[in-house]
Structure formats: C-alpha cells, structure tokens
Amino acid sequence: MKSLSDQIIREKYTACVFISPHLDDAALSAGNLMTDLVNEHIRVTVINVFTGMPDIRPSLSVKQNLKQSGFPSMKTLYNARIDEDEKALHTIGVRNVNLGFTEALLRQKPSGMLARFIPELSYVYPTYRFHIARGRISRLDADLTERISEALRPYGQSKTLIFCPFGTGNHVDHLIVRRAVELITQPVYWLDQPYLYRSGNAQSTEIPKDYTLMKNPVDYTGKKQLISMYNTQVPALFAGSAIPHLDEYVIVQTNLL
C-alpha cells in the first residue's frame with residue numbers, strides 16, 4: 001500500500017488541515033505525516049482549538065499542571081506554549097491558527113459563594129483524572145461542539161483534506177473536537193499520542209465502517225527533534241523528559257486508498 005501522502009497527491013488535494021485540540025497534539029500524533037506532506041508541496045495548516053486563557057482561581061489540578069511545567073501562572077505558561085508551538089510548526093513549514101476556546105482544565109461554570117473558597121466548585125471538570133480523562137462530556141458543554149464546528153467551517157474548502165483526533169485516551173477535549181469536525185466533513189482521524197503509546201495497541205482500535213487503519217512511516221529522529229521544541233510539555237508528558245518512539249496511525253476513508 002502506498003503512503004497516505006502519495007494517496008493525497010493522487011486525489012489532487014492541495015491542502016491539509018489538522019484540527020488539534022491543544023497546542024501540541026498535532027505534532028505528537030502526526031508530526032511526521034505533516035512533514036511528509038509539506039515536502040510534497042501540500043499546504044498544511046494546524047488549527048489549535050483550545051488556546052484561550054481565562055482569568056481563573058486555580059484548582060488543585062491546575063496547580064499540579066503549573067508545578068509540572070515550572071511556570072508561576074497559567075498566563076505565562078500559555079504564552080510560552082503558544083510561542084513554542086508556532087516556532088516548532090514553522091520549522092517544518094506548517095502554518096498555525098489559534099481559535100481561542102478554553103480547554104477543559106480551565107473551563108468554568110456559573111458558581112455560587114462556596115466557589116470563592118473551593119475553586120473546584122467553579123469548574124466544569126474539577127479534576128483531570130476523574131473528569132477530563134473519563135471521556136464523559138459535561139452537559140454544560142452542550143453548545144461548545146457547535147460553536148467550534150462553526151469556527152472550523154471556513155476551513156473545509158474544496159480539495160482540502162481535514163484531519164482530527166480519533167479520541168484515543170478519552171480526553172473530553174479530543175472527543176469534543178472530533179464531534180465538531182464530524183458536523184462539517186468526513187475527516188481522516190489520527191490515533192492520539194501519547195495516549196496510544198501508553199496503551200500500546202493500535203490494532204485494538206474499533207474502526208468505523210468504510211474506514212481503514214493505516215500506519216504512517218516515521219523518522220523517529222526528526223520527530224523527536226520536533227517534539228523536543230515543546231519545552232513546556234515534555235517534562236510533564238514523559239518521565240525524565242525521555243521522548244519515546246511515537247508511531248503515527250491514521251484512520252482513513254477506504255475510498256481514499
């Protein structure tokens with residue numbers, strides 16, 4: 001079977017858009033594929049969905065995130081993340097766009113007096129482990145999917161192929177982005193890293209009807225160099241900052257192959 005980039009050229013696509021929930025997701029899951037496409041003179045854009053930074057009282061999960069990253073506040077952390085993402089993607093010739101929605105870790109709801117003393121009461125998802133990573137989208141996010149979908153609609157142009165996360169790992173933001181993209185197009189999905197690396201089995205993924213699981217060749221040296229540019233995230237994602245071999249799998253419409 002030919003590589004996906006070969007198939008994209010054969011189908012005369014002129015652009016590919018990768019809808020990334022957060023500022024590192026596209027690089028972690030499809031960094032080598034994006035590089036291959038750019039090398040084949042395909043225009044590649046990454047659209048980062050959750051890049052907004054509201055004024056918040058930090059929860060314990062937010063404080064833990066700051067401790068792992070070594071930043072004094074979410075504002076300084078986000079400024080650094082936005083800067084490093086742009087620099088990393090530009091090194092491989094990829095344009096990026098930030099939509100400014102607020103990620104699950106920081107999304108808040110209307111709250112009462114008690115939230116002044118217990119910040120968790122003001123969060124849609126009070127903890128990462130027991131809420132964000134459980135894959136259960138809150139009813140308070142009911143309109144978020146449609147708002148994201150509307151923001152993405154202008155990018156679904158003719159001869160543009162849209163990529164988005166499959167939701168490996170059940171992070172609610174990844175699942176919301178998948179649903180938002182499915183409202184406007186039939187996407188190519190990527191299996192989410194490093195969640196896939198931790199689970200260790202791409203073949204167990206339940207593939208939708210009329211789709212095919214495909215492994216993309218990876219230059220691990222080049223990919224590690226790309227990921228290493230995400231200085232704020234590597235220590236939190238990988239023990240000892242040792243970046244492993246992150247394979248790349250996509251779930252592609254069978255008629256594209």
Side-chain angles (χ1 to χ4, degrees), residues 4-5 8 13-53 77-103 148-157 159-169 171 173-182 184-185 187-196 216 218-219 222-234 237 243 246-252:
L4 181 56
S5 56
I8 290 170
Y13 284 99
T14 58
C16 291
V17 176
F18 289 74
I19 314 299
S20 184
H22 308 107
L23 286 156
D24 53 0
D25 289 323
L28 287 164
S29 301
N32 209 104
L33 174 57
M34 292 191 295
T35 302
D36 290 346
L37 292 170
V38 170
N39 288 340
E40 295 292 349
H41 308 291
I42 302 292
R43 296 195 313 275
V44 178
T45 302
V46 167
I47 300 177
N48 297 305
V49 175
F50 297 107
T51 60
M53 180 57 247
L77 172 57
Y78 254 79
N79 287 339
R81 291 192 66 184
I82 289 170
D83 183 60
E84 70 187 6
D85 180 68
E86 182 172 4
K87 289 178 179 176
L89 294 177
H90 284 196
T91 63
I92 59 172
V94 172
R95 173 176 174 257
N96 68 317
V97 176
N98 299 327
L99 293 186
F101 290 91
T102 301
E103 69 166 293
I148 292 171
S149 184
E150 285 304 308
L152 295 174
R153 198 172 296 278
Y155 297 94
Q157 300 173 358
K159 304 314 294 182
T160 296
L161 190 60
I162 304 293
F163 294 74
C164 77
F166 189 67
T168 312
H171 191 299
D173 281 347
H174 292 223
L175 298 176
I176 288 170
V177 167
R178 173 179 171 175
R179 291 186 184 183
V181 173
E182 288 173 341
I184 59 174
T185 191
V188 175
Y189 303 100
W190 70 68
L191 297 193
D192 314 51
Q193 292 285 18
Y195 306 99
L196 177 63
N216 188 61
V218 174
D219 168 13
K223 185 166 183 179
K224 286 182 181 182
Q225 288 175 347
L226 175 65
I227 294 172
S228 69
M229 298 186 69
Y230 290 85
N231 297 307
T232 67
Q233 300 304 294
V234 169
L237 290 173
I243 301 169
L246 295 179
D247 291 326
E248 296 185 4
Y249 287 88
V250 288
I251 301 175
V252 188

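Index from 1, following the sequence.
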message = Between H22 and R81, does the side chain to side chain contact (heavy atoms under 4.5 Å, CB included) criterion hold? Intermediate values first, please.
response = CA-CA 10 Å; H22 308 107; R81 291 192 66 184; 4.2 Å; yes
Between [X] and [Y], which heavy-atom pair has the shortest distance, and what is it?
X: P165; Y: P21; value: CG-CG, 3.7 Å
X: W190; Y: S29; value: CD1-CB, 3.2 Å
X: Q233; Y: L77; value: NE2-CD1, 4.4 Å
X: L191; Y: I251; value: CD2-CD1, 3.6 Å
X: I184; Y: S149; value: CG2-OG, 3.2 Å
X: G93; Y: V38; value: O-CG2, 3.8 Å

What I'd like to find out is whether the side chain of [X] reaches to under 4.5 Å of the side chain of [Y], using heavy atoms alone.
X: T51; Y: F101; answer: no
X: D192; Y: L196; answer: no
X: I8; Y: C16; answer: yes
X: M34; Y: V46; answer: yes
X: Y155; Y: V97; answer: yes
X: L152; Y: V181; answer: yes
X: I227; Y: L246; answer: yes
X: I42; Y: S5; answer: no

[atom1] of [X] to [atom2] of [Y]: how many Å apart, nearest 0.5 Å?
X: T35; Y: E40; atom1: OG1; atom2: CD; value: 12.0 Å
X: L161; Y: Y13; atom1: CG; atom2: OH; value: 5.0 Å
X: N216; Y: D36; atom1: CG; atom2: CG; value: 5.5 Å
X: D24; Y: Y230; atom1: CG; atom2: OH; value: 6.5 Å
X: I92; Y: K223; atom1: CD1; atom2: NZ; value: 10.0 Å
X: Y78; Y: L23; atom1: OH; atom2: CG; value: 6.5 Å

query = Do NZ/NE/NH1/NH2 and the carboxylate oxygens of E84 and K87 come within less than 4.0 Å?
reply = no
ask   = Centre of Y189's six-membered ring, under 6.0 Å away, within 45 degrees of the axis: is that where NZ or CZ of R178 sits?
value = yes
Short side-chain to backbone donor-acceptor contact, [X] and [Y], under 3.5 Å:
X: D85; Y: I82; value: no
X: D219; Y: G222; value: yes
X: E86; Y: N96; value: no
X: Q193; Y: D247; value: yes
X: T91; Y: A88; value: yes
X: H171; Y: D173; value: yes
X: N32; Y: V218; value: no

request  = Please state whether the rings of F18 and F163 are parallel, tilted or perpendicular, taking 30° and 60° as the class boundaries.
outcome  = parallel
task = Let me see the working for L37 and V94 under side chain to side chain contact (heavy atoms under 4.5 Å, CB included), right down to the final yes or no.
result = CA-CA 10 Å; L37 292 170; V94 172; over 6 Å; no
inquiry  = Is there a ring-ring contact (aromatic ring centres under 6.0 Å, His included) between F166 and H174? Walk through the geometry before answering.
reply    = CA-CA 7 Å; F166 189 67; H174 292 223; over 10 Å; no
request  = May I have the step-by-step check of side chain to side chain contact (heavy atoms under 4.5 Å, CB included) for I162 and T160, ending in yes or no?
outcome  = CA-CA 6 Å; I162 304 293; T160 296; 4.1 Å; yes
query = What's the verdict on side chain to side chain contact (heavy atoms under 4.5 Å, CB included) for I148 and F50, showing C-alpha distance, side-chain angles and the deciding distance?
reply = CA-CA 10 Å; I148 292 171; F50 297 107; 3.8 Å; yes
